[in-house]
Structure formats: structure tokens, C-alpha cells
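Reckoned from all heavy atoms, side chains included, excluding hydrogens, waters and symmetry mates. We name chains A, B, ... by the order of the sequence lines, and we start the count at 1 in each one.
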2 protein chains.
Amino acid sequence: MPPRPPRRDDPVRQRSLRDHNLALVLRHVTAANRPPSRAEIAAASGLTRATVSTIVDELIAGGLVAELEPVSRSGVGRPGTGIVPAGTGPAGLGMEVNVDYLAVCAVDLTGAVRHRQVRRLDQREHRPAQTWQALAELADQAVGAVTALGLTPAGGVIAVPGLVEGDTIRIAPNLGWQQVALPRPADLGGLRDLPLDVANEATLAALGERHATGLRSFLYVSGEIGIGGGIVLDGELFGGSHGWAGEIGHVTIDPQGPDCHCGSRGCLEQYAGEEAIRAAAGLPAGAAVLADLVGGARAGRGPVLDALDHAGTALGVALSGAVNLLDIGTVVLGGHYAELIDWLRPAIERELSRRVITARWSPAKVRASALGSDAALVGAARAVTQAILDDPARFLATRAAPAA
Amino acid sequence: MPPRPPRRDDPVRQRSLRDHNLALVLRHVTAANRPPSRAEIAAASGLTRATVSTIVDELIAGGLVAELEPVSRSGVGRPGTGIVPAGTGPAGLGMEVNVDYLAVCAVDLTGAVRHRQVRRLDQREHRPAQTWQALAELADQAVGAVTALGLTPAGGVIAVPGLVEGDTIRIAPNLGWQQVALPRPADLGGLRDLPLDVANEATLAALGERHATGLRSFLYVSGEIGIGGGIVLDGELFGGSHGWAGEIGHVTIDPQGPDCHCGSRGCLEQYAGEEAIRAAAGLPAGAAVLADLVGGARAGRGPVLDALDHAGTALGVALSGAVNLLDIGTVVLGGHYAELIDWLRPAIERELSRRVITARWSPAKVRASALGSDAALVGAARAVTQAILDDPARFLATRAAPAA
DNA sequence: TCTTGTTTGTTCAGCCATTGAACTTATAGG
DNA sequence: CCTATAAGTTCAATGGCTGAACAAACAAGA
């Protein structure tokens, strides 16, 4: 899923220069909390006003940004015209296949969610082809809705709870999928002509969190039926050699621990996965495990509190290892963990302070996900727009070619 | 210790362009296994011959590269003049403070070690100031030797077995140091005018391995008295938020395991540190533990083999966690581990294949360090030259300023 | 020895992106 | 109405890369 390879060993020509500054200016426009004027962009970016002007012209011509109506602004001097991401600009489509629901959303260049739809559907009862078809229907509607808003769909990313390599889902245990290929564009209706990608759900959720929170480096851990994770380093998603980084769910907690379905034993999932917590809390198996846990914990029931403390301890052990290894300052808890954080945090922080060797100088922070259960969905959509923000020149080139 | 911050949010001017290509050409010169001609550099880098010519001229003027005597080369056509790293170019000084020795070495731009000296000295019996003084003497001699070779010392990096933040050694357990500051330049004799840095020993060793092996991504684990680690991702050293990444020695193997001097329990060091292996093997405490272990293993002694298998198992558990988290393809064993690899590897690989969730598609490789016990020393020296290779323009600027 | 073909390295006009300064435009305040 | 101030544009100058032409250096064959 790597959308932009910034090649250190490439020669640099004049054009690359412009490409870089194009991205620089666009970033300033989308990141600012108030529509900046050309002069403000120049001051903030370090470029001259002359350069910013020509670059903004190019971005306007490409439909990526637009001028605001000259609104009177306070202060003396000629008022600047605000530059905003174009209302008719590209939109990123995020799609999510999860155990018991499908979801689609669309974000614009600012990252705002412009469309969102969720459909309950148990994938375990269906074959992948049926899932793809249902997803294509949702996506079709999203394309329609987005187009009605004046946006142009620019690509889509599908979030899947499993290991993805290239365009193939190697394995998605909780869906019961193995070696499933991405659907052919022809089978995807309105997505036919759009670049499409699949990626791991937790990885994309980390990407979503990165943008929602502005955090530069953190470890994202999502606890649902399985436990997933994603790593963001210095603002960039870290994928590892194959894009499989972040699999914290199968880090060993106790080498002699209980067998895990992955073939190993003592994995974190056996201590802090939904099923493990439920069983330890003495709750019945069923659909509303999370609600039962939250309810039980709020009511102060001993078995539930103990189960969450145990899970938190195991999480803390695994996270300590990760922090020791990566020297990362923040841990973000997502998925169900976000709602359980009040009861998990004490144990997690206790283990972190004990087991992280640098904890006394720089303790890691533990916080709940800002996007909650939408993180992966929004992250998938943002992966598309992020690729455009990171390399607008490429986007403009592909836009210009079909038009000509 | 980050010598070159490649800033994504900086504006790019014409000069940055030249800076980038300067580095690009210099990399080609130092990385080639045969002195390349300007034309070959052009072909390999993608720049035109004209551009390469002017860039090479600039590098020659700056004393970073030199033309070879026109040696007759096979083939038709005008023979090219080989470009080589300048024999009188800058040299990087690497220094190492370890428990029972001090060492200094110097490398040139090609990475070749041009000087090396080790002095047995037990730091535990001395105060830091005495260590710095002894190190300064060694460094003085190195500066002299290097200067005699026609090289110009360009900076130094000190490798220390402990946690370093900025110019302060937070803690170096095996040296018994805490909150030790880098010596003032004035106290360093011949190093007076050189930029000086300290960094973690294992981190620098990883850097050394990166250059010696050409591996792009790997996890380096060094087992000596303590266990250190370093992470290289896509050719770049990964330091984490504070430069403390790679502390695999205190990853938890068993949450209920034996107490560790770090305040935690069940740390890897308690299973695979030198002392733990020695005790498990039933060997006497003393200076020659490594030799005893190798001897015992070669002789096929049961307790030694068992001890190494146990250590390998623990290492395998910790490495599995790291590989799950980082999706990294290669593990490099350094320090004493390099010599014990034959007896550690089976257990390590057994655990990796069991515990790494992606092992069946892409098993991680385990290999021994290429530099052995010199890795940190050489890595420290290369950190200096690497900074020059990565940003020759800055080096040329600082060179030109005092000259003018 | 001379010629031809091949490859290297240099020169130079042209191009492209940024700069800096001058200039125009638009506002507030007196 | 005038002045001060800030935004945005225009334009010559600058720096760096390109491409093509050219000179230099060599091998091979006549």
C-alpha cells in the first residue's frame, strides 16, 4: 500500500523542486486551522510570496485548492484572500470489512468525513465474493453521494482484519479467510476506474489516529476479537518489510502460557483478547461482551474488574517490550480498549513503569483512541487523500493526462 | 546524535537541489567497488554527464574525491578517469568505552579502517574523568596517526554501553556510571576543535553492521555482559523518540521471572545475559566466560549446551516479539553471541518459526555479525563519515568558512 | 600510418524554478 | 483625501540541470 516512495537515490531535477514545494504549500493549506493567505503560507513555509503565488496558481488550476470569497478580515493593509482545499477536489474512499459489519466512508482533502455508511452483515456466514459484492454496493452509493457533493473520488482503500500482502489477503482469522484476492475492478461497479488497495485494519486505524490527533510517533493497539496494532514513527506509518508490522497480538507474554490459535502459546491475545477477558470475567458468550464488560466494571463487580486488571497487566507487559524496543512516547488504545481504558490503564501503567528501562526519565503516555471504532475506516479513506497531499504533482499529472 | 535532519517541511531552493545531487554522486563514488568514471556515475545515477562533471569538480575542489591516474582500461573508446574518495579526505574517529577496555579507530570515507588501537583498562576501578583522560590520550595518538596518513580528522563519536541523551550518559550500569557528561573539548587534547558525540554502543554497532553487510533492514542484538540492540530500518538507524530504541535486553520473557537489576523481573538479560548463561552452564565466574562457553560447547558438554539452548530459547522469544512488531527480515547477532551462534541458532529459529505469525510466508534470517566485537567501534567512526556522505554540502561549507 | 568508430569529458545555449525588488491593489486610520 | 500597511503580481537576475555539439583519447582495421 505504499503510495509514495520518496527515493533518496533519485537524481533531482528542477521539476522535483517544484514537486516538493507543491506538496509543501498544499500541506500548509490543508493543515491550517484557518484558511491562510498566500502571504501567510509564504511566511510559514519559508518560500517567497512570488513562489507561493505561482504554486497556488498551479494548485488552483489542478483543482486541489480554491480561493475564498474576499471576506473582510481585521487589521490594516490589503486583506489576503484565503486559500482552502477545493470543495470539488478529490475524495478518498475508505472501506472496512469486519467480522459483523461492512462500512464505507469518504473524506475530502481536509480529512473531514463527508459520507459514512455502515451495514451490519456477518461475514462468517458468507463467502468472500458475496462480501465484495455487498461492499461494492455500499461503495457505489458512496461514490454517488460524494459526486453529488461535488467531490471526485480519487481512489479507495479497504481495511481488513488480517495479513495483507500486495493485493492478496494472506489470512484473516476472524473472517475465516485465506488467500483471498482483491476483487477485480470490473466487479466493483462505480469503483471500476479507481485505484484500489487493501491493507490491514489496525495499520490503517493507526494512520487515522495520526491525523486525528496530530501525534508524530505512537504505537496504536486495537483490541476487539483479535488484537491488532500499528506503528507511526515521526508522522509516517511504519509497515516493516512486508507491511506486516504492528502484530502485537501475538507477542509472547508467557512462553509456557495457553495455546493460541496461531500455533504458538502464551500470546497476548490469550490474555487480553475479547474472549479471554470475557471468560475470565465469567460473562456469557454472546454478542454484547463489550457492553457487559463496561456495565460490570461500572457496577464494580469483582470478577470483571479482576479480568480487566489481568488483561491490562498482560497488555502492559507486551507494551513494555514494545516501548523498550522502539522508544516510543505514546500508546493509543483503540477498538474496545478505548471504552475500557479506565479499568485497563492502572495495570498498563504499572507494568510500563516497572518494565520500561527509560520510564523514570520519560514515561510513556497511555491514551484512548480519538476516533474510536471508526479509526480504521477513516484511516483507510485518509490513506487515499494522504497520497495526494504527499505528492500532488503526481496526482495533477494523472488528472491532466485523461483530460488532454 | 542525529547528524543530518532531512526536513520534509523545508522549502527547497536551487541550492538544495545541488546539495542532494552532490550527496548522490559522492555516494556512488564511495559505494562503488571499482573507481567509477564520470560517465559511469552519470549512467548509474540518472544525471547527465554534464551535471556529473560539474559536481565532481566541486567535490574535487572540496577535497572529498580525487581523480585517479589515467590507467589504461580495457575496451574501445576514450578511457574514463576513475574517481576515488580522496586519500587526504576527512576521517571519522570512533571511540569506545567498555567495561574492561578502551578503543579508538579511524575510518576514511570509503569506510576502510585506517587506524585502530585497543587498550585494556577496567573502567569499574576508575572515575569517569580518568576514563576520559585515558581516552583522550588514545584519541590524540589516533589523530596523529591519521594526520600522518594525510587524512583530516572531521569529528568523533564515543560508543558507551548505556543510555545516552544528548551529551549526557544517563546511566551505564556495567560501568557504574550515572549522569556523566561528555568531557569538555578543552580536556580532550587533539580533539579540541572536532565535533564530538556520544551514543549507545549497540546502536552504533548496528550502524557498523549496516555498512559492513549492506543490509537495509535488520535488528541487531549484541550479547556481552548486558544485552544491547539496535534497529536499522531501510538503511537508516532508528533511534526512537530519544535515541533509546533497541533496548531488547529488558524485554520481558516471563512476567514472573527472576528479578533484574533494572527493577523489573523476567528480563531477557536474566536468561541470555553472560552471567545467566555462565551460571546455568555451571562455569566459574571469571574473565574468560566466553572462551569457557565456546570450549564447553565444542567439547559437547551437556550443561553448556543446555545453557546455550535455554539462552537461545529466551532470545528467540524476545526476537519473535520484535519481529512480530517490526516485520523485520533479518536478525544479526553480535558481541559474544556472534561466536556462540552455532549453538544459539537452533533454539532461536525454533521459537521464531513458532511464534512469529508471518514466519510461514517469510521466515526471518538469523546471522552472525560481520564485524564481531569491533562493530560498535567501527560504527562510531562511520557515524562521522556517514554524516559527511549524507550531506557533503554542509561539510564543504564548514570547511570553506575557516579557510576563507 | 591513416581512417573509422566508440566512448569520455567539456562547453554552451536553453530551460526552469526560485529570488528579490519594484510595483499595483486594497484596506484602516487620521 | 492622504498616509501607512499589507497582499499579491511582475520581471530581471540567479543558479542548476539538460541536451546537443564538440574535442579528446583510444582500438581496430585497412
Side-chain angles (χ1 to χ4, degrees), chain A residues 10-25 28-29 32 34-61 65-83 392-393 396-397, chain B residues 10-25 28-29 32 34-61 65-83 392-393 396-397:
Chain A
D10 279 354
V12 170
R13 341 177 168 289
Q14 323 279 102
R15 181 70 222 179
S16 339
L17 219 169
R18 166 58 60 94
D19 291 353
H20 178 106
N21 287 336
L22 217 46
L24 182 61
V25 168
H28 275 281
V29 173
R34 187 172 56 84
S37 67
R38 292 170 172 79
E40 284 165 344
I41 296 171
S45 68
L47 295 164
T48 62
R49 285 177 313 182
T51 307
V52 171
S53 270
T54 61
I55 287 178
V56 166
D57 286 350
E58 195 167 330
L59 290 173
I60 289 177
V65 305
E67 281 186 326
L68 227 47
E69 281 307 297
V71 62
S72 70
R73 196 102 50 80
S74 64
V76 55
R78 173 177 173 178
T81 45
I83 308 295
L396 294 177
Chain B
D10 279 354
V12 170
R13 337 175 174 290
Q14 318 280 101
R15 182 69 223 179
S16 338
L17 222 169
R18 166 55 63 98
D19 291 354
H20 178 105
N21 288 336
L22 218 45
L24 182 61
V25 168
H28 274 281
V29 173
R34 188 172 55 84
S37 67
R38 292 170 171 80
E40 284 165 344
I41 296 171
S45 68
L47 295 164
T48 62
R49 283 179 313 185
T51 307
V52 171
S53 270
T54 62
I55 288 178
V56 165
D57 286 349
E58 196 168 332
L59 290 173
I60 289 178
V65 305
E67 280 186 327
L68 225 50
E69 280 309 297
V71 61
S72 70
R73 197 103 50 79
S74 64
V76 55
R78 172 177 171 177
T81 44
I83 308 294
L396 294 178

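- The CD atom of B/Glu40 sits 11 Å away from the C1' atom of C/dT7 (whole-angstrom rounding).
- In this structure, B/Leu24 places its CG atom 16 Å from P of D/dG16, rounding to the nearest Å.
- For the OP1/OP2 pair of C/dA17 and a distance below 4.0 Å, the side-chain nitrogens and oxygens of A/Arg15 include at least one atom meeting the criterion.
- Distances shorter than 4.0 Å separate none of the side-chain N or O atoms of B/Ser37 from OP1 or OP2 on C/dT7.
- In this structure, CG of A/Asp57 is placed 9 Å from C1' of D/dT9, rounded to the nearest angstrom.
- Rounded to a whole Å, the CD atom of B/Glu58 is 11 Å from the C1' atom of D/dG15.
- Between B/Ser53 and C/dG9 there is no side-chain N or O to OP1 or OP2 distance below 4.0 Å.
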| Heavy-atom protein contacts under 4.0 Å, nucleotides 18-26 of chain C, coded B base, S sugar-phosphate only, - none | SBB-B--BB
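- For the pair A/Glu40 and A/Ile83, the minimum side-chain heavy-atom distance is 4.5 Å or more.
- Nearest heavy-atom pair across A/Pro11 and A/Ser16 is O-OG, 4.4 Å.
- Across all non-hydrogen atoms, the minimal contact from A/Ala393 to A/Arg15 is CB-NH2, 4.4 Å.
- Listed here is the closest heavy atom pair of A/Arg38 and A/Val52: O-CG1, 3.6 Å.
- Atom CG of B/Asp19 is separated from atom C1' of D/dG15 by 12 Å (rounded to the nearest Å).
- Between B/Glu58 and B/Asn21, the closest side-chain pair of non-hydrogen atoms is not below 4.5 Å.
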| task | Take B/Arg13 and A/Thr51 through the side-chain contact (heavy atoms from CB on, under 4.5 Å) test and state the conclusion after the steps. | result | CA-CA 11 Å; B/Arg13 337 175 174 290; A/Thr51 307; over 6 Å; no
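- Rounded to an integer number of Å, the gap from A/Ile41 CD1 to D/dT9 P is 11 Å.
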